[in-house]
> 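Can you keep this structure in mind? I'll have questions shortly.
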Amino acid sequence: MYLLGLLGLLLPIAIHLWSQSATQVRQVGSIRWMQSTHTPKAYAIQLHQWPLLVLRALLLSLICLLMADWVFQNAGSPRQTAQKWLLVDPALAAEALPSEELQKWSDKGYSLHYFQAGLPTLDLGKPLPLGLSARKGPVNFWSVLKNLDQKGRIPDSLVVMAYGRMQNFLGDRPSLSFRVQWILFPDSLSDRRELQAISLPGDSLLVMQGEFNEAISMIAWQSLAKQEVKAEETSLLAPGMLQDSIVVSLWASADFQTDLTVLSAALRAVSEYTRVPIAVYLALENEIALDTLQKEANWHFIFPGTLNPRDMGKLTGSKLVYQADRKNKKWFSPVLSDTVFDYYINHRLRTDSLLEPQSLDALPEELVYILLSNDSLSSKLASLDRRRIAIGQLANKQGEEKLLRNKEEEAQKAASSGWYLVLLLLALERIISHYAYGHK
Amino acid sequence: MAPAQSIRDLLQPEIIQSLSGLELLSRKVLGAFLSGANRSIRLGMGPEFRQYRSYQVGDDLRQLDWKMYARSDRFYIREAEIDSHIGLRFVIDTSASMQHEDGNGLSKLDYARLMVASLGRLAYVQGDQIALLGLNNQMVQFTPMENKVGHFQRFLQYLLDLKAEGRLPLYSSRHTVPENQGRRLMYLVFSDWYEHEGELGQFLREWHSKGHEVMAFHLMASNEMELNYPGFQTFEDLETGERVQVDTKRFRKAYQANLDGQLGQIRDNLLREGISYEAFSSWVSLGRVLSNFLKQRKRLL
């Protein structure tokens with residue numbers, strides 16, 4: 001519709017061609033000496049002041065294009081109609097997923113579809129369509145998502161519910177312009193291997209399982225009864241991990257009270273997720289007598305103003321020390337040089353840190369990997385990882401968000417720049433018009 | 001400079017300063033007499049004794065010096081010197097075309113006011129009698145010719161009150177223009193010379209033919225001379241209301257050539273009649289322009 005406004009270009013052309021009274025009338029003493037220089041009307045009907053005409057046409061075109069683009073961009077804005085899809089693996093829908101679970105998503109405004117080519121609609125309460133139930137062979141999830149991306153059918157929110165089966169992730173992982181929220185269900189049929197086991201209270205183990213192919217490396221934590229774990233795989237049990245709980249000491253001054261609160265909450269989340277008891281000891285005052293505190297802990301989180309650096313070496317266990325690093329996008333990073341410290345805490349653990357606010361949600365996740373993994377496991381994972389990923393696709397979750405956000409920001413910046421250009425051209429048009437048609 | 005709003009504005013200090021020490025000289029007066037400014041030395045009754053001469057038949061008996069008769073037993077006429085300064089009539093064209101404004105916002109009438117005020121002051125200080133005449137076909141405004149105390153203030157007020165409207169009056173309506181009671185005057189005419197039937201020229205020739213000295217000051221705005229308007233313009237004649245559209249950039253040269261020819265013709269016609277002519281189109285330094293004019297005039301006289 002706004003592009004039809006380009007027809008308005010005819011208007012300035014018409015004005016420039018036929019306007020005879022566009023000029024300012026000047027009163028002079030006499031026109032007697034101008035009679036012979038009078039410009040005939042026929043002469044007036046020509047394209048004069050063409051630079052001004054071009055400028056006005058450009059201005060009008062730019063406004064139309066900006067308006068059309070603005071309308072286009074806002075056509076699918078959340079304020080109007082948010083596109084939210086839930087794609088369900090047909091195998092999951094047929095076998096295990098209760099309809100109540102799907103109803104919850106539907107109530108949140110999600111449109112339900114089967115996760116396969118064409119995205120057939122999933123009708124609650126109705127059985128799987130014959131075409132889907134008769135399907136042979138697994139759905140290639142990457143292929144379906146890539147097809148979506150290529151056709152430009154990008155929703156505002158996309159959630160996938162599926163079994164975490166490697167056979168659904170065949171081929172190279174495509175570079176997608178949107179983010180997928182995966183909800184993967186454990187699958188007894190999957191061919192996963194145990195990587196590490198942690199003894200839990202009772203007679204159970206927290207087992208880290210992994211499954212690897214060229215397209216995906218899938219890692220999951222599963223709580224199993226000891227008897228479920230195969231006897232020959234007890235060697236998976238990481239040395240030093242046979243304990244009832246993990247002991248964590250938090251050292252901080254009053255200035256870092258908020259950080260400690262956040263850290264404590266994150267440790268509670270880790271404990272609940274992994275079902276590993278974590279004992280937290282807090283030391284909040286300066287010049288704390290080392291003898292009275294927990295020197296022996298599995299992990300020490302140290303913030304400035306508490307421990308004498310000389311005393312840090314007396315602490316057992318691994319140590320994380322706060323040292324601000326604005327450029328680092330993670331909460332924690334391993335110390336590469338040979339020091340008494342093992343990790344750096346790169347940012348203040350609070351909502352006004354330099355990382356995006358939602359990064360605080362990822363704090364427990366990072367803590368899981370730090371607290372429950374070790375060097376040998378990391379090496380093992382690295383050796384098992386078979387993904388063929390182009391460097392450009394090596395983006396963590398935050399990176400993807402930034403990629404998408406940057407694209408939106410770039411589009412917004414371009415639009416803003418366009419409007420600034422309109423203002424500039426408008427000012428220029430007025431100045432040229434003022435001098436072209438004379439001034440007092 | 002800005003248009004004069006009050007009497008004080010008419011006497012620009014820089015212009016007065018530029019004219020300081022100069023005199024407004026009348027050619028006709030100097031031609032008859034030898035010295036002084038415009039002093040016309042006449043002998044007759046008066047307080048200042050000049051000479052005695054023998055009585056001749058027909059002399060005014062009131063001029064007989066009876067004391068000399070008593071001493072010499074002969075009749076002598078006492079002659080005294082009477083200083084009679086000349087009369088200057090400043091004639092300003094107050095037709096509508098004088099409303100034309102130059103690029104700086106001042107109209108030709110504004111400039112005429114400034115010139116007349118400065119020259120009028122010069123003449124007044126010299127002792128000359130001055131009068132003002134505003135000329136258009138709507139109204140003829142004039143002042144008496146005097147040099148009395150307070151006259152100059154009234155002169156300036158009249159000057160300030162002049163309004164430009166209508167056209168120049170036709171020569172046929174010359175009866176509306178005040179006469180001179182037989183005195184010889186100097187006419188200083190300030191106009192842009194936009195005549196319709198040669199009326200202004202006829203007035204000047206009449207005054208000149210009666211023995212008055214006539215000086216023509218031709219006023220043209222710089223934008224009139226150069227047509228330095230940008231682009232395509234629509235011009236409206238202030239007097240006739242006619243309009244014309246001109247591409248100024250394209251026709252500037254032709255216009256200037258046409259104008260130069262017309263101005264030359266006006267100048268030649270006036271000079272041929274024995275009327276002094278001076279064109280003013282630069283408003284940059286009015287004081288300097290007037291000063292140069294007076295110096296040049298003195299050299300020529």
Side-chain angles (χ1 to χ4, degrees), chain A residues 8-60 424-440, chain B residues 93 95-105 107-109 164 167-168 191-196 218-221 223-263 265:
Chain A
L9 285 171
L10 295 173
L11 187 61
I13 293 172
I15 289 172
H16 277 257
L17 277 176
W18 284 290
S19 171
Q20 296 186 33
S21 59
T23 57
Q24 184 181 0
V25 175
R26 293 186 179 274
Q27 289 185 317
V28 293
S30 178
I31 61 169
R32 60 188 65 190
W33 294 311
M34 299 179 194
Q35 300 288 0
S36 61
T37 62
H38 171 58
T39 306
K41 289 183 181 180
Y43 175 70
I45 305 175
Q46 72 171 22
L47 208 59
H48 57 87
Q49 301 294 346
W50 65 265
L52 198 57
L53 170 63
V54 168
L55 184 61
R56 286 171 173 168
L58 184 66
L59 198 59
L60 195 60
L424 185 66
L425 289 176
L426 200 59
L428 194 62
E429 187 269 340
R430 287 290 85 205
I431 291 169
I432 295 176
S433 177
H434 177 74
Y435 283 102
Y437 289 118
H439 59 280
K440 287 188 179 176
Chain B
D93 175 357
S95 62
S97 61
M98 293 292 282
Q99 291 177 39
H100 177 104
E101 290 183 4
D102 206 343
N104 58 6
S107 67
K108 287 184 283 191
L109 182 60
R167 302 183 180 191
L168 284 167
S191 174
D192 55 7
W193 248 267
Y194 287 136
E195 306 171 285
H196 296 272
H218 192 168
L219 306 181
M220 292 286 285
N223 53 15
E224 273 183 313
M225 296 289 291
E226 296 161 18
L227 201 66
N228 54 355
Y229 298 96
F232 206 80
Q233 298 288 336
T234 300
F235 296 103
E236 182 180 271
D237 192 306
L238 276 164
E239 291 187 7
T240 65
E242 288 179 69
R243 288 187 179 184
V244 65
Q245 289 180 320
V246 179
D247 184 346
T248 58
K249 190 178 175 184
R250 187 170 167 170
F251 293 107
R252 185 168 292 132
K253 280 189 180 174
Y255 167 85
Q256 286 172 345
N258 193 11
L259 174 64
D260 288 343
Q262 296 289 334
L263 295 183
Q265 200 170 350

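Order of the sequence lines fixes the chain letters, A, B, ..., with proteins taken first and strands second; residue numbering starts at 1 for each chain.
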> Assert yes or no for the condition that the ring centre distance of B:Tyr194 to A:Trp33 is strictly below 6.0 Å.
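That pair passes the under 6.0 Å test.
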
> Among residues two or more places apart or on two chains, list those pairs meeting salt bridge (Lys or Arg N to Asp or Glu O under 4.0 Å) that have a residue in residues 230-240 of chain B.
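Sorted result for residues 230-240 of chain B: B:Glu236-B:Arg243.
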
> Top residue by heavy-atom pair count (under 4.5 Å) with chain A, among B:Ser97, B:Ser95, B:Gly261?
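The candidate making the most pairs under 4.5 Å is B:Ser97.
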
> How would you list, by chain and number, every residue that makes a side chain to side chain donor-acceptor pair (under 3.5 Å) with B:Glu195, sequence neighbours excluded?
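Counting only residues at least two positions away or on another chain, B:Glu195 forms no side chain to side chain donor-acceptor pair (under 3.5 Å).
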
> Non-hydrogen atoms of chain A under 4.5 Å away: do they reach the side chain of B:Phe235, the backbone, both or neither?
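Both parts, backbone and side chain.
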
> So, B:Arg252 side chain and B:Tyr229 main chain: donor-acceptor pair closer than 3.5 Å or not?
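Between the backbone of B:Tyr229 and the side chain of B:Arg252 there is a qualifying donor-acceptor contact (under 3.5 Å).
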
> Sort B:Glu224 into side chain, backbone, both or neither according to what part of it lies under 4.5 angstrom from a heavy atom of chain A.
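B:Glu224 touches chain A through side-chain heavy atoms alone.
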
